[in-house]
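Protein chains get the first letters and strands the later ones, always in sequence-line order, with residue 1 at the start of each.
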Number of protein chains: 2
Amino acid sequence: MTEDCQGNDTMSHLENSLEHHKARLRKAGYKLTNARITMLEVLQDLGGHITSADVLDAVAKVDETIGRASVFRTLDLLTQLGIIRPTYIGTSQTPTYVMLPNGHHHHVICTHCNRVIEFEDCGLGELEKKLETALGVSITGHLLEFYGLCQQCTGLSAT
Amino acid sequence: MTEDCQGNDTMSHLENSLEHHKARLRKAGYKLTNARITMLEVLQDLGGHITSADVLDAVAKVDETIGRASVFRTLDLLTQLGIIRPTYIGTSQTPTYVMLPNGHHHHVICTHCNRVIEFEDCGLGELEKKLETALGVSITGHLLEFYGLCQQCTGLSAT
DNA sequence: CCGTTAATGATACTGAGTCTCATTTATAAT
DNA sequence: ATTATAAATGAGACTCAGTATCATTAACGG
């Protein structure tokens, strides 16, 4: 995790996405504060599918002094910037945040056991362009969720 | 908002989906209680994009005696059955429920003004089948959300 | 290095959603 | 119809995720 490969204008997304997100904050007029940088690092580390409690925990381990309010404020900000996205797994009252590494995220949620299966290919690029034209919007990302039963639960309910 | 031209062609479709949902409950082994039927009617009436508070309100107007807990229990149940789906608009702490009339729902959320623009065509049928084969799952519905700026906010941020 | 102002941390607070449990009600069997 | 029974309910106390407030701090442009 300590390999510094910044400066390469090609690839190595994982490392660079942190820098990319920082740049996004700056560009949007937000200050690059310690709390925000720590949040980005922690989120990258945890990798997504985490609750606010998870984030609160992880942030506290890195920097004891970062306040509860700032964590929630930053979660909201990063959501607005399309860096993360809250969603519901199961019927939990509290959302689960997923990363939108390249602006998008896709998964299947089993409505029986709440297992989450991620997948990559969505082929939505075309639709995205169509919508931009048709609706006059400017799209930066998306979340695609399928609901249904996973392999195990399909078998069970066939009883 | 938007010209939402869904279901205009079949007024009876609205009636039927209520029956359809009741049948689903029965088939899944759940009792057709007064609270649940009232909830289904209220949800159909409100048409989606509503918070639990909206539902609580509307239910109370129809039947004073239905308890708070039952409303939340039923929201969870209907989510599990794929009849509704909680999602986040803006950074609200409390979810907004959308109806999944035919198992699916699609919208664009403006990350600046929180406007929601629904659209119908998603062309995900093929992907759905592919995933069922590839992952061994049995899919019953989906939610597709795009994030970005609406026409108005695209203009504004050009400042 | 300083001034401005966004952002912060502490903490009290709010209220959405949950839990518990005695009571009711939907449904199937008689 | 009557009854058995297990699921579902309503009441209301309770929890804790998320918010509001505000005095203090620190990012960043000049």
With sequence neighbours excluded, tell me which residues meet salt bridge (Lys or Arg N to Asp or Glu O under 4.0 Å) with [X].
{"X": "B:K129", "value": "none"}
{"X": "B:K22", "value": "B:E19"}
{"X": "B:E145", "value": "A:R85"}

Could you tell me how the ring of A:H142 sits relative to the ring of A:H106: parallel (under 30°), tilted (30 to 60°) or perpendicular (over 60°)?
tilted
Residue list, side-chain contact (heavy atoms from CB on, under 4.5 Å) with [X], at least two apart or on another chain:
{"X": "B:D76", "result": "A:T91"}
{"X": "B:T38", "result": "B:N34, B:V42, B:V62, B:I66"}
{"X": "B:L56", "result": "B:R68, B:V71, B:F72"}

Assign a letter to each nucleotide of nucleotides 18-30 of chain C from its 5' end: B, base within under 4.0 Å of a protein heavy atom; S, sugar-phosphate only; -, no contact.
BB------BSS--
Using a cut-off of less than 4.0 Å, is there contact between a side-chain N or O of B:S70 and OP1 or OP2 of D:dA8?
no
Let me know the distance between [atom1] of [X] and [atom2] of [N], rounded to the nearest Å.
{"X": "B:I37", "N": "D:dA7", "atom1": "CD1", "atom2": "C1'", "value": "15 Å"}
{"X": "A:R36", "N": "C:dA7", "atom1": "CZ", "atom2": "C1'", "value": "6 Å"}
{"X": "B:L40", "N": "D:dA8", "atom1": "CG", "atom2": "P", "value": "14 Å"}
{"X": "A:L77", "N": "D:dT19", "atom1": "CG", "atom2": "P", "value": "13 Å"}
{"X": "A:K22", "N": "D:dA27", "atom1": "NZ", "atom2": "P", "value": "12 Å"}

Does B:Y97 have any ring pair (Phe, Tyr, Trp, His ring centres under 6.0 Å) partners at least two apart in sequence or in another chain, and if so, which?
none
Does anything in residues 50-57 of chain A reach DNA chain D, meaning a heavy atom under 4.0 Å, and if so which residues?
A:S52
Ring pair (Phe, Tyr, Trp, His ring centres under 6.0 Å) contacts touching residues 36-66 of chain A (sequence neighbours left out)
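Passing the test, one end in residues 36-66 of chain A: A:H49-A:H105, A:H49-A:H107.
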Atom pairs and distances, donor-acceptor, side-chain atoms in residues 24-33 of chain B, under 3.5 Å, two or more places apart:
| from | atom 1 | to | atom 2 | distance (Å) |
| --- | --- | --- | --- | --- |
| B:R24 | NH1 | B:L81 | O | 2.5 |
| B:T33 | OG1 | B:R36 | N | 3.3 |

Determine yes or no for a side-chain-to-main-chain donor-acceptor pair under 3.5 angstrom, with A:D63 supplying the side chain and A:T65 the backbone.
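At least one qualifying donor-acceptor pair exists.
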Give the angle between the helix axes at the two ends of the helix from C:dC1-D:dG30 to C:dT30-D:dA1, taking five base pairs at each end and rounding to 10°.
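It comes to 60° between the two terminal axes.
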